[in-house]
Student: 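Please read through the structure below; I'll follow up with questions.
All chains are named by letter (A, B, ...) in the order of the sequence lines, taking the proteins before the strands, and each is independently numbered beginning at 1. From a predicted model like this one, the values you see are computed outputs, not experimental measurements. Below, all heavy atoms of this structure are taken into account, side chains as well, without hydrogens, waters or symmetry copies.
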2 protein chains.
Amino acid sequence: MDPAADPSSPGPRRATIEDVAVAAGVSVATVSRALRGLPHVAPATRQRVVQVATELAYRPDPAAARLATGRSQAVALAVPVLNSWYISQVESGAEAVCSADGYDLIIMGVTGEPARRSLLAEESSLHRRVDGVVFIDIAVDDDDVARLAERGLAVVTLGNVTATCPSVTIDEDEVARLATEHLLSLGHRRIGLLGGQRDDPLGFSVPRRRRAGHHATLERAGVEIDPDLEGIGNFSVMGGRDAMAGLLQLPDPPTAVFAMSDEMAFGAMLAARERGLDIPRDVSVVGVDDHDLSIVVGLTTVQQPVADIGSRAARLLLDQITGAAATPAHIRSPVSLVVRATTSAPLPRRQETAEKP
Amino acid sequence: MDPAADPSSPGPRRATIEDVAVAAGVSVATVSRALRGLPHVAPATRQRVVQVATELAYRPDPAAARLATGRSQAVALAVPVLNSWYISQVESGAEAVCSADGYDLIIMGVTGEPARRSLLAEESSLHRRVDGVVFIDIAVDDDDVARLAERGLAVVTLGNVTATCPSVTIDEDEVARLATEHLLSLGHRRIGLLGGQRDDPLGFSVPRRRRAGHHATLERAGVEIDPDLEGIGNFSVMGGRDAMAGLLQLPDPPTAVFAMSDEMAFGAMLAARERGLDIPRDVSVVGVDDHDLSIVVGLTTVQQPVADIGSRAARLLLDQITGAAATPAHIRSPVSLVVRATTSAPLPRRQETAEKP
DNA sequence: GTGAAAGCGCTAACAC
DNA sequence: GTGTTAGCGCTTTCAC
């Protein structure tokens, strides 16, 4: 007799729209209109319906609504990894916006090219499941966006940019310029670079752009680009450590390093310390993000408004879904250099450059 | 004529189960059985159906399936905050399991008591939306679980424990004991504690339990408990910094501090450094979690298998949903002390304790 | 302003 | 082994 005895049983059946209709003495159509705030409902009727619905603890079944409308009231966040500081911040910002607007936020890990392809495929798991998706650091081109749009999906990209769909990005050239010019201005000439894989399977373009910006800045300063000074840190702490360890055992190691993320920069600091080097005396390091802990370890970094980027992306997506697309298509967030304690002038070394005439 | 012209239009209508049925020359029921691997389908028929479905790029509409079955094939992760390392690790582990099993993972931020209450309420947003939910560090009691079960929802808790629903936890007493005994064994007697709010609005019990374990360990060692030595760090870096700053300006400051999370420990390190103190010479600090960056800053900490905890929780939940509940109800994950560079013996001070007879 | 009824696309009896 | 059919609970014309 105890309804809670079998946890898998539905227990006391929940009120349906019909129950509300009967109890309020109106039709289900009226209940539907009244509860959703649609016009053509007498104020008195609406009030009564709302009243009854509350008493019955009525909640529309989302699945039924989805089936009838074709809209899922859910959006997806497609991410390459979850255990990254940047992504969890973005997610945090996006979640707040989505929940405020009554949208479910579904997290989809897209690790590796097969996963990416299958997500973008014709018979994707996105189908009818969400109304839109924001791709974080995942390569989608205009064809992909068009194909998704054709199926009624709104799209926003982060990191990556396409011509057709809204995005929120930062000026990657500027990021690299700020970091590299800072090191140059301190007198560094041998500057290491810690980034992602050369040929990223997910076509993640941010590292490519930061690298280009780094090179451009070096060239502008007349500093020769040494391919040996580039390490692959995969945007993780340990990846950064390993990559930095590699650079440090070069015959002519860098006196400074630009890590494309703070997490890699932390790894670089670890590698330096493991080698008995002092930061910034022996080697300077600058990162990107302004991670929570950057202030703790005194990391010089290029700051970006991470959580804000997440909420803007979600906003852009929801506006697109609801048709309130008055917002500009491509948002560019500001970045700025935060100088802390991991950067300083290089130690005077055998002044090779001074040999010049 | 371009179907992609209006992105909000459905475009070329996707195949429904009926289309597949017609094309395969069978009934929709057979298609449904064939595609879901149910018995009572001739091998040849099944093969043909699968073939046709593939050609038509058919994907069942999840909303329709949900409405018909009452199962949503989705689960929720209810979290108090998103920008915590611990939570994003757990999420990462859970996402992998869910996606492998074809379940959607919905993230729900539950910040503050009103949000908690509304989530647990009769007419909750959980209703019919998910098949189960894992509560991370959110207070749910047996009544809550019973009420949710009554509505057909599976529940798993993390951090918190109830009598009736599965959980994955760590031995919080052990955590505190490992940390505090380590400090005691080094000779510390004035040991600070960095935790959460005294009266947590979400009823988050972990800090309470760690605090109890800390006190018990101190008492066992005959060390008097000084309430002044307890700071509220809210499990964030900056919270830890502020709390630690408070402890450090005490007339008789602690020589060591036990932070209930690595993030607070990082904050504590920052506060110490800002005060010109050296770690561990002037003050030792030990945390909990073994954060990615703990190794970088050399933090002594009590390690727990965070991502694994997330995947186990998801597994427990899915097994509960599918009825494959052969797994034990309460999983306890192992913890261990990782000694690094932030702890050492205290400086010899005016030996007040030596005045004793 | 309100109601009747036809779906939305699928699943699950039940019949054959 | 396969088909028929009645829902699942909501939205949305179209009448009135």
Student: Report the residues that fulfil side-chain hydrogen bond (donor to acceptor under 3.5 Å, both in side chains) with D143(B), sequence neighbours left out, ordered by chain and then residue number.
Tutor: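 Testing D143(B) for side-chain hydrogen bond (donor to acceptor under 3.5 Å, both in side chains), a comparison that skips the adjacent residues, returns none.
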Student: Between the main-chain N or O of R71(A) and the side-chain N or O of T69(A), is there a donor-acceptor pair closer than 3.5 Å?
Tutor: yes
Student: Pair R147(A), E150(A) - check salt bridge (charged side-chain N to carboxylate O under 4.0 Å, His left out), show working.
Tutor: CA-CA 5 Å; R147(A) 223 170 311 122; E150(A) 202 168 297; over 6 Å; no
Student: Sugar-phosphate means primed atoms, P, OP1 and OP2; the rest is base. With that split, encode nucleotides 8-16 of chain D 5' to 3' as B, S or - using protein heavy atoms under 4.0 Å.
Tutor: BBBBBB---
Student: Sub-3.5 Å donor-acceptor pair from the side chain of R128(A) to the main-chain atoms of D61(B), do we have one?
Tutor: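 Looks like no, no N/O pair under 3.5 Å.
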Student: Looking only at side-chain N and O atoms, does S72(A) offer a donor or acceptor that is under 3.5 Å from a partner on D131(A)?
Tutor: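 There is such a pair between these side chains.
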Student: Using a 3.5 Å distance criterion without hydrogens, assess whether the side chain of D142(B) forms a donor-acceptor pair with backbone atoms of A163(B).
Tutor: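 Yes.
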Student: Can you list the residues that meet the side-chain hydrogen bond (donor to acceptor under 3.5 Å, both in side chains) rule with Q51(B), with sequence neighbours excluded?
Tutor: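 E55(B).
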Student: Filter on side chain to side chain donor-acceptor pair (under 3.5 Å), then keep only pairs touching residues 91-107 of chain B, sequence neighbours left out; what's left?
Tutor: R129(A)-D104(B), R66(B)-D104(B), Q73(B)-Y103(B), D101(B)-R315(B)
Student: The test is side-chain contact (heavy atoms from CB on, under 4.5 Å); show your working for L77(A) and I136(A) and say whether it passes.
Tutor: CA-CA 7 Å; L77(A) 205 62; I136(A) 306 188; 4.0 Å; yes
Student: Can you see whether H127(B) engages R14(A) through a side-chain donor-acceptor pair at a distance of less than 3.5 angstrom?
Tutor: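 Yes - a donor-acceptor pair under 3.5 Å links their side chains.
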Student: Just report the end-to-end axis angle for the helix from dG1(C)-dC16(D) to dC16(C)-dG1(D), five pairs per end, to 10 degrees.
Tutor: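 That helix gives 30° between its end axes.
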Student: With a 4.0 angstrom cut-off to heavy atoms of chain A, pull out the first and last contacting nucleotide of DNA chain C, in 5'-to-3' order.
Tutor: dG1(C) to dG9(C)
